[in-house]
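Right, one structure below, let's go through it.
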Amino acid sequence: MRLLVVEDDRDLNRQLVSALEDAGYAVDKAFDGEEGHYLGETEPYDGVILDMGLPGMDGIRVLEKWRREGRTMPVLILTARDRWSEKVQGFDAGADDYVTKPFHMEEVLARLRALLRRAAGHATSELHCGPVTLDTRSSRVVVDGNAVRLTSHEYRLLAYLMHHQGRVVSRTELVEHLYDQDFDRDSNTIEVFVGRLRKKLGVDIIQTVRGLGYIAAMPDVPAKRT
Ligand code: CA
């Protein structure tokens, strides 16, 4: 999952980015409304954390523009404690949830997890695919009751495929959602990660759909092509 953080307070931006990276996300950052708007318009984020008080273009305008442009990614807004009207304006502009400053990082992470799984149509934080269970709270993966150790890239890959299970995901889509913009992207590395992941899981839940990409599905369930 790849996220965007738009926050002009440099310390807070850094704290958010590092907490999100520790939680296993690929993260891009912007420090003002213009830059944030541009990234959200041009890059395919799975979710955005957007501060309302930004220099230049404020958060409400950034959000309104994205929604007008048809950008539908989940957006969590950061609002000042005493500004209830910001929350109302934020929701009306297309926000999906909010956190009031100052906040606990755990709350931001929990709200984001909920937004990401709801966007992918899941009701709980544990995702299942055949014998594989992925817990998005702890970033842990269990196969048939046994914990499997994954690197952060392997985890991101599995989490993305399991959030979108039953749908064919192309290599390009994976590259766009697994790496931040500074990463040297090469879609060949995806094949390598898929190979390693299959080996570590030891069960056949990631299938290759020739010429199209990959799909996470139960081994005996036919792939639904989209
Ligand atoms: Ca601010």
Side-chain angles (χ1 to χ4, degrees), residues 1-120 125 136-139 152 155-156 159-160 163 176-183 185:
M1 297 281 173
R2 184 173 167 207
L3 306 175
L4 171 66
V5 172
V6 189
E7 166 62 70
D8 58 312
D9 179 327
R10 296 216 158 234
D11 280 343
L12 191 52
N13 191 308
R14 186 167 35 78
Q15 286 166 30
L16 282 162
V17 170
S18 86
L20 293 168
E21 284 177 345
D22 287 347
Y25 301 103
V27 190
D28 290 342
K29 51 188 176 293
F31 298 93
D32 63 60
E34 299 278 342
E35 187 189 10
H37 170 262
Y38 174 74
L39 284 172
E41 186 192 20
T42 52
E43 299 289 329
Y45 295 106
D46 296 295
V48 178
I49 294 180
L50 175 66
D51 182 33
M52 289 288 91
L54 292 168
M57 195 191 303
D58 69 25
I60 294 286
R61 282 193 51 214
V62 171
L63 186 51
E64 279 172 349
K65 278 189 91 173
W66 281 338
R67 295 314 192 211
R68 261 205 311 276
E69 290 153 0
R71 309 298 289 173
T72 59
M73 67 284 193
V75 174
L76 175 72
I77 57 172
L78 304 178
T79 67
R81 184 203 282 274
D82 50 348
R83 302 247 180 93
W84 64 268
S85 60
E86 264 186 5
K87 294 168 201 159
V88 175
Q89 282 181 309
F91 279 118
D92 284 342
D96 297 278
D97 200 358
Y98 72 90
V99 172
T100 305
K101 290 180 179 179
F103 51 76
H104 289 283
M105 200 57 82
E106 281 305 317
E107 183 180 354
V108 172
L109 293 172
R111 288 183 180 277
L112 258 181
R113 286 194 297 273
L115 288 182
L116 294 174
R117 71 173 189 248
R118 283 205 298 265
S125 55
T136 60
R137 280 167 307 188
S138 58
S139 309
S152 62
Y155 174 80
R156 255 182 233 168
Y160 193 81
H163 268 92
E176 285 176 344
H177 289 265
L178 302 187
Y179 304 126
D180 60 54
Q181 59 173 353
D182 299 330
F183 197 87
R185 299 168 186 196

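Since we're looking at a predicted model, the values are computed, not measured. Each ligand, and each atom within it, is numbered from 1 in the order the structure gives.
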Quick one: do the His37 and Glu64 side chains pair a donor with an acceptor below 3.5 Å? no
Classify the side-chain pair Arg113/Thr136 by whether it contains a donor and acceptor separated by less than 3.5 Å. no
For the pair Tyr98 and Phe91, name the ring-plane relationship: parallel under 30°, tilted 30 to 60°, perpendicular over 60°. perpendicular
Under the criterion side chain to side chain contact (heavy atoms under 4.5 Å, CB included), I'd like the reasoning laid out for Asp46 against Tyr25: C-alpha separation, chi angles, the key distance, then a yes or no. CA-CA 10 Å; Asp46 296 295; Tyr25 301 103; over 6 Å; no
For a side-chain hydrogen bond (donor to acceptor under 3.5 Å, both in side chains) with Glu7, tell me which candidate from Lys29, Gln15, Arg14, Lys101 qualifies. Lys101
Taking 3.0 Å as the strict upper bound, the Ca ion (ligand 1) has protein N, O or S neighbours numbering 3
Report yes or no: is the cationic atom of Arg2 (NZ for Lys, CZ for Arg) under 6.0 Å from the centre of the six-membered ring of Tyr179, at an angle within 45° of the ring normal? no
